[in-house]
Structure formats: structure tokens, C-alpha cells
Amino acid sequence: MSNLIVMTFADEAGAQRLMDELGKLQKEELIKLDDAATVIRNKNEKVHVKQARSLVGEGTLGGAFWGMLIGLLFFVPLAGLATGAIMGGILGKLSDYGINDQFIKEIGQKLTPGSSAVFLLVRDAQAEKVVEALKPYRGEIIHTSLSPSEETALKEAFASA
């Protein structure tokens, strides 16, 4: 089961810096993420959402592969490729799993101008090492799906940074 964690940052670049560090932690296999997103609310109050995974792109690529493979069976590989890519893209757009997009937008609207947030759907983590590595980024935990005691411990760990 995955846990949702939302952290905010006082500046626009904070969320991206944390995501860069999380990429390193994933390569070291200290954390496994099912989904992630960053939200930036610039000084003009415009909200920018960046999903870590593009389901449309993944669907298009997978659909193109399977479409071409099936097209080869019927001696029309290019038609199969095109049809598969279109269908895969549509299915990728329609299959929305992971972090709820509406929830991301709601939090984005609540951010103060010039700040950012990161949304993490964590499947597994070596908690002590990950928390220690992320403390210097000085994020504030504003929401989790953890138990109350786990959430309190996590907030206290980041508050002591």
C-alpha cells in the first residue's frame, strides 16, 4: 500500500530541488515512488503542475508497439502503428491513476505566491535514511495518509531541520 505525502516550500524552486534528490534516492533504491507531482505558484499567482509520469506518453508508446506488432500479422504495420499510437494515447489520457489531479489543483490554489509543493505517492522507503537526506530541503509536511503517530513523527523530523 502506498502513502501520500504533501510537502510545501517557501520558494518556487524548493519542490524541484527535492524531486532531484528523490531521483538520486530512487537510484540508490532507498525509496520507491508510485507517482509524484510538483506544483509551483509563481509570483503572478499562476499555478503550474508537473506530473512525474506522463500516462499519455506511456500509452502512446505502448499502443504504437502493440499496434505495429498486430499490424505485422495482417501485413499493415504502419496502419497498425498509427492506430495503436492513437488508441494508446487516448487510453493513457483516460486512465488516471495515482495522485488525484483535483487534489493537486486544490493544494496549488492554496499555495502562497512564489512557493511550491511536492506530492509523493510512496510505495516503500527506508524511512530514516530518506528523512535524513531530505531534511536540508526544509519542506513543511502539510498532508499525509500515514497513521496519526507516523505523521507526527515525520512532521517532527522535518521541523527539527
Side-chain angles (χ1 to χ4, degrees), residues 1-65 85 88-161:
M1 182 178 145
S2 297
N3 288 301
L4 177 66
I5 299 172
V6 181
M7 296 176 73
T8 60
F9 301 88
D11 62 345
E12 292 181 23
Q16 189 56 52
R17 285 192 303 265
L18 185 90
M19 289 300 294
D20 293 342
E21 182 65 25
L22 283 167
K24 294 174 189 173
L25 294 173
Q26 279 188 291
K27 286 179 185 174
E28 296 174 18
E29 296 188 14
L30 295 175
I31 190 168
K32 292 179 183 168
L33 299 175
D34 283 336
D35 196 9
T38 57
V39 176
I40 298 170
R41 186 166 188 191
N42 65 23
K43 295 189 190 300
N44 297 332
E45 299 192 23
K46 186 167 181 173
V47 177
H48 301 276
V49 177
K50 181 180 174 188
Q51 295 280 350
R53 295 178 63 185
S54 170
L55 297 178
V56 176
E58 290 177 19
T60 301
L61 186 61
F65 171 76
I90 290 170
L91 290 173
K93 181 76 172 167
L94 295 176
S95 64
D96 186 16
Y97 63 88
I99 303 169
N100 184 301
D101 292 343
Q102 186 60 37
F103 176 66
I104 293 172
K105 290 176 185 174
E106 287 173 17
I107 297 293
Q109 291 299 324
K110 293 177 183 176
L111 292 175
T112 59
S115 64
S116 60
V118 66
F119 297 74
L120 305 171
L121 198 54
V122 180
R123 182 177 350 127
D124 187 31
Q126 293 184 21
E128 290 176 7
K129 290 181 180 180
V130 171
V131 169
E132 203 57 41
L134 300 182
K135 272 186 185 181
Y137 296 93
R138 305 191 59 78
E140 179 186 352
I141 308 283
I142 63 165
H143 178 83
T144 75
S145 61
L146 299 168
S147 70
S149 61
E150 291 172 322
E151 182 173 351
T152 301
L154 186 62
K155 285 182 178 181
E156 287 173 357
F158 278 98
S160 69

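For the numbers below, each heavy atom of this structure counts, side chains included, while hydrogens, waters and symmetry mates do not.
- Not counting sequence neighbours, Lys110 has no partner by the side-chain contact (heavy atoms from CB on, under 4.5 Å) test.
- Residue Met19 holds its CE atom at 7.5 Å from CD of Gln26, rounded to the nearest 0.5 Å.
- Between the side chain of Thr8 and the backbone N or O of Ala117, no donor-acceptor pair lies under 3.5 Å.
- Atom CZ of residue Arg41 and atom CD of residue Glu12 lie 11.0 Å apart, to the nearest 0.5 angstrom.
- Taken from OG in Ser116 to CZ in Arg17, the straight-line distance is 7.5 Å, to the nearest 0.5 Å.
- Under a 3.5 Å cut-off, the side chain of Asn44 and the backbone N or O of Lys46 do not form any donor-acceptor pair.
- Using a 4.0 Å cut-off between charged side-chain N and carboxylate O, Lys24 and Glu28 make no salt bridge.
- Looking at heavy atoms from C-beta onward, Ile31 lies out of side-chain contact with Leu120 at the 4.5 angstrom threshold.
- Counting only residues at least two apart or in different chains, ring-ring contact (aromatic ring centres under 6.0 Å, His included) contacts with residues 121-142 are absent.
- From Asp11, atom CG reaches atom CD1 of Ile40 across 9.5 Å, with rounding to the nearest 0.5 Å.
- More than 12 heavy atoms of other residues, nucleotides or ligands sit less than 6.0 Å from atom CD of Glu106.
- Residues Val47 and Lys105 are not in side-chain contact: their nearest non-hydrogen atoms beyond the backbone lie 4.5 Å or more apart.
- The closest side-chain heavy-atom distance from Leu121 to Asn3 is not below 4.5 Å.
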Practice item. Show your reasoning for whether side chain to side chain contact (heavy atoms under 4.5 Å, CB included) applies to Val39 and Ile107. Key: CA-CA 8 Å; Val39 176; Ile107 297 293; over 6 Å; no

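- Once rounded to the nearest 0.5 Å, the distance linking CZ of Arg123 with CG of Asp34 reads 4.5 Å.
- Pairs engaging residues 110-133 under the ring-ring contact (aromatic ring centres under 6.0 Å, His included) rule: Phe103-Phe119 [sequence neighbours left out].
- Here the CG-CG distance, from Asp20 to Leu25, works out to 11.0 Å after rounding to the nearest 0.5 Å.
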